[in-house]
Amino acid sequence: MSEETKKAAYRFDTQKVRAGYEPKDHKYAVSPPIYQTASYDFRDVENAKNLFSFKEQGFLYTRVGNPTVAVLEERVRVLEGAAAAIGVASGMAAISYTLLNLAEGGGRILTSPFLYGGSADSFKKIYPKFGIHFDIAKNLEHPEKLGEEIWPDTKAIYIESISNPNTVLLDLDAISKVAHEHGIPVVVDNTVATPYLYHPFAHGADIVVYSATKGLSGHGNLIAGLILESGTFDYKTEKFPQFSEKYYTLRDESGTYRSFPEVFPEAPFTARIRFNYLNYFGAALSPFDAYLSIVGLETLSERLSKQSENAHKLALYLSSNEKVEWVRYPALEESPYHQLYKRDFEKGAGGLLSFGFKGNEKQKEAFLNAIELFHYHVNIGDARSLIVNSPQTTHGELDDQEKAAADIPENLIRISAGLEDSDDLIADLEQAFQKAFSIN
Ligand SMILES: *Cc1c(COP(=O)(O)O)cnc(C)c1O
């Protein structure tokens with residue numbers, strides 16, 4: 001067995017601490033170095049020419065590639081079983097570059113009502129100004145009818161694997177099947193699930209985007225994003241004329257212009273993002289944030305399994321609390337998504353859950369003000385437990401109708417379970433409930 005084949009066969013927990021990094025290529029440094037440099041010297045004139053004509057691979061300028069960022073890209077690529085990965089400055093950059101790359105020049109994206117607030121708000125406010133319009137699908141939970149919502153200019157389906165804040169799960173296998181019958185790819189925001197809990201490519205996804213700010217890195221100390229592609233979707237069709245465009249910069253030795261799929265047949269989607277969007281729009285990931293993400297990834301499985309455990313205990317505690325109207329967490333047997341959870345999520349449901357506070361607005365405010373251990377802020381996926389009133393904060397941009405469609409009632413409180421002792425977390429919620437209901 002070659003060294004390469006042996007390494008490719010390593011399992012998830014080995015890959016998460018090893019993939020994409022060889023100490024011998026970096027002066028035998030055990031921890032991946034932070035390549036804090038803007039640019040890279042050319043070896044000679046020939047090398048410069050080869051780099052610019054893609055004959056040789058290498059680093060030119062950190063806006064389009066950096067060795068520390070490359071370790072993160074390769075590590076996540078291996079964990080997801082993707083053809084290629086690209087790191088960008090934030091989850092929002094990952095989403096916008098992906099959608100622009102798909103629908104540039106105009107078009108429609110079929111999406112879900114169950115989305116991260118920043119996604120939902122930007123889909124409504126910003127993208128239409130670039131000719132990209134969103135249809136909120138009515139049939140995501142009835143994929144057999146989803147084809148009726150795909151128009152000739154629909155360029156992709158965009159969903160979240162575990163939605164934020166509602167933990168809605170969808171049958172991605174069935175959705176992908178319909179998308180592919182219509183010649184369009186499926187983009188999955190896998191931020192909440194992380195590669196530990198869910199592999200969108202195994203269920204038919206074509207592109208996966210991450211906010212690596214959240215559970216992927218897991219310590220609330222950086223902003224980063226990633227885009228991955230399966231390598232199996234054919235973009236050389238009439239729907240995506242931008243992928244057939246031939247560029248002078250991609251010319252071969254005889255001077256013939258070439259397209260991205262011709263030069264990068266295994267990964268045309270991320271190559272086009274790197275050399276068009278990252279290169280020209282410039283939301284590059286900093287080497288330091290890439291380094292922190294690599295370190296965070298080393299404990300991905302351990303964090304996500306403990307967070308799933310803690311979240312499940314909190315969900316059970318809240319379910320039995322008479323001050324709670326409802327609890328949403330797919331691992332609960334009464335969850336409408338429990339069957340899908342059992343089918344697709346063998347390692348747990350993750351750290352995110354939400355509940356309905358049964359009390360008046362004043363009591364809800366008193367409850368949040370009385371919380372001591374949980375952090376009250378808008379992030380998720382941190383090692384520390386977080387709590388927030390989503391409808392008034394993270395999803396505060398949605399109007400009443402949109403909140404109703406997204407199933408976000410005004411009394412929703414979101415929790416992102418951290419790594420603390422669950423008894424301490426439950427005791428904190430309990431004392432806050434008591435304080436809240438001691439007022440009227
Ligand atoms: C936070 C988040 C984003 C945005 O990521 P940033 O890194 O904050 O830009 C996108 N999708 C989901 C599901 C998120 O939770």
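Indexing begins at 1, ligand by ligand and atom by atom, following the structure's order.
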inquiry  = Quick check: N164 and ligand 1, any N/O pair under 3.5 Å apart?
reply    = yes
query = Is a side-chain donor or acceptor of N139 paired with a backbone partner of E149 at a separation under 3.5 angstrom?
reply = no
ask   = Near I380, which atoms of ligand 1 are under 4.0 Å from a heavy atom of that residue?
value = 15 (O)
query = Looking only at side chains, do Q363 and K435 share a donor and an acceptor under 3.5 Å apart?
reply = no
ask   = Nearest protein heavy atom to atom 6 (P) of ligand 1, by residue and atom, and its distance?
value = G91 N, 3.4 Å
key: Ring-face cation of R272 near F264 (centre distance under 6.0 Å, axis angle within 45°)   = no
note = Counting from 1 in the order shown, the ligand 1 atoms closer than 4.0 Å to a non-hydrogen atom of I95 are 10 (C)
message = Determine whether R274 and E73 satisfy the following criterion, salt bridge (Lys or Arg N to Asp or Glu O under 4.0 Å), listing intermediate values before the conclusion.
response = CA-CA 12 Å; R274 187 179 299 279; E73 291 168 341; 3.3 Å; yes
message = Students often mix this up, so state it plainly: with edges at 30° and 60°, are the rings of Y235 and F243 parallel, tilted or perpendicular?
response = parallel
query = Which ligand 1 atoms does D189 reach within 4.0 Å, using its non-hydrogen atoms?
reply = 10 (C), 11 (N), 12 (C), 13 (C)
query = Is Y116 close to ligand 1, meaning an N/O of one under 3.5 Å from an N/O of the other?
reply = no
ask   = Are F134 and L99 side-chain neighbours, meaning at least one heavy-atom pair lies under 4.5 Å?
value = yes
request  = Answer with yes or no whether the side chains of D189 and Y116 bring together a donor and an acceptor at under 3.5 Å.
outcome  = no
query = Among protein heavy atoms, which lies nearest atom 14 (C) of ligand 1, and at what distance?
reply = K214 NZ, 2.9 Å
ask   = For atom 9 (O) of ligand 1, what's the nearest protein heavy atom and its distance?
value = M92 N, 2.9 Å
remark   = atom 7 (O) of ligand 1: closest protein heavy atom, distance to 0.1 Å, is T213 OG1, 2.6 Å
inquiry  = Taking 4.0 Å as the limit for heavy-atom contacts, which would you say applies to A224 with ligand 1: side chain only, backbone only, both, or neither?
reply    = backbone
